Amino acid sequence: MIRRTDPEYDAERTGYQLLAPHEPDLIVPATTAGDVRRAVARAAADGLPVTVQNTGHGLPVTTSGGLLITTGRMDAVTVDPAAGTARIEAGVRWQQVIEEAARHGLAPLSGSSPHVGAVSYTLGGGIGLMARRHGYAADQVRAIDVVTADARARHVTPDGDPDLFWALVGGRGNFGVVTALEIGLVPVERLYGGGLYFDAGLVGDTLRTWSDWTRALPDEMTSSVAIIPFPDLPQAPAPFRGRTVAHVRVSFTGESEEGEALLRPLRAIGPRLVDTVGELPYTASGAIHNDPKGPAGFFATHDLLRELPPAAVDPLLDVPGRVVEIRHLGGALSKPQGSPNSVGNRDAQYLVGVLSPGLAPGTETRTPRLAHEKVRRALETWSTGGRALNFLYGENATQEEVRKAYEPEDYRRLTALKSQWDPAHLFRLGHAVPPA
């Protein structure tokens, strides 16, 4: 148990997001499910709200006080090649799963960064590198080990307890502390993928061409594009230093020859600063987005769109100093896979995120917030009004925003199940769903 006055307090509470880290009264660095069970029992007895952190990439709204359970030491991965599944503990990062699965010619539905915690990513949905072909990472959950608010350890399956399973998969940390998941893997060993980087003068052409290109793609192609203002600093990659760059990221599960043909309209945009697209093993899939390892301070918002016509692209070209990212959804993301879960907004075809990078801890976010709201207003015509839970960060993870991550009827069902499983709202620090 770590207290505020202990020397290891700051290092233990701080994850990837530096802008507003957790400030708990107590921290439990868990190494086993038993540690988690004892921590939840202590919190319930003392009336302390509970939150959980592995890497802190998707850090929601934080408050002062409560009990924080850190899970990074729970990092066991076991692959069952015959069943095509993996059991992953709460502190596992995607790269561990990727490497273990690859030994058997398999891959998980991991995301853009191999450094992100696999369990929280999956429970919040998980829009990965093969999302349009295989759906959400959440759709591959087979079983859950969880400690509920009564401090009981439970093994939850869609057959044994379909309601709690449905709520946990998509409800993230609202119904207990998940200590392990059993997930399905897919028979993928390689991709045709990588990045196309275009200089500032081609940013507008890149976004418009990519938007038009996405309208007639097979589900085997998952892609995104980002406008990235690289600082003129030594730590920025030399080809991009001091430039605003359009970065197209592609991940194709079909044959390389077909992928090469599909990419011709993008390569025809013009010369690339760098072109890394080619055949690569899935173990190297983190190079496609090449996300920074961090840690970092940032403010971020996002919207889900029904469509992305040229008029919706134009406002995204006028957000100086911000990272703008558009992810192509649809395909298998629109069609529920596997056992029923509470992941919502499957009708969205694009996710548009705006991120203000390089913010120091405790920075006032009013100025970034105004710039982000300008983009949101400009996209209202095409917005579904929904949100993606894993993209709700910091002060934007309000109860109203969390509500938008679910279908209305599903949200009502979640609040009813919350009343059953956590009536005291013990798990209220995070993407909180209140009891009905």
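All of these numbers come straight from a predicted model, not from anything done at the bench. This chain uses plain numbering: 1 for the first residue, then up along the sequence. As a basis for the values below, the full set of heavy atoms in this structure was taken, side chains included, without hydrogen atoms, waters or symmetry mates.
- For Ser110 and Tyr282, the side-chain atoms include at least one donor-acceptor pair closer than 3.5 Å.
- With 3.5 Å as the limit, one finds a donor-acceptor pair spanning the side chains of Ser64 and Arg4.
- When only modelled atom types and interatomic distance are considered, Arg190 and Ser256 share a side-chain donor-acceptor pair under 3.5 Å.
- Once rounded to the nearest 0.5 Å, the distance linking CD1 of Ile88 with OG1 of Thr179 reads 11.5 Å.
- Side-chain contact check for Ser356 and Arg322: at least one donor-acceptor pair (N or O, by modelled atom type) lies under 3.5 Å.
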Check against side chain to side chain contact (heavy atoms under 4.5 Å, CB included), Ser113 and Arg93: CA-CA 9 Å; Ser113 172; Arg93 300 184 183 213; over 6 Å; no
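- With respect to Glu400 and Arg403, a salt bridge is recorded, a charged nitrogen being found less than 4.0 Å from a carboxylate O.
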Trace of the salt bridge (charged side-chain N to carboxylate O under 4.0 Å, His left out) decision for Asp422 with Arg428: CA-CA 10 Å; Asp422 184 17; Arg428 62 182 179 270; over 6 Å; no
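- Salt bridge status for Arg387 with Asp303: present, with a side-chain N to carboxylate O gap under 4.0 Å.
- If you check the side chains of His115 and Thr55, you find no donor sitting under 3.5 Å from an acceptor.
- In summary, the side chains of Ser112 and Asp291 do present a donor paired with an acceptor at a separation below 3.5 Å, with no hydrogens or angles considered.
- Interatomic distance, CE of Met221 versus CZ of Arg132, reported as 9.5 Å (0.5 Å rounding).
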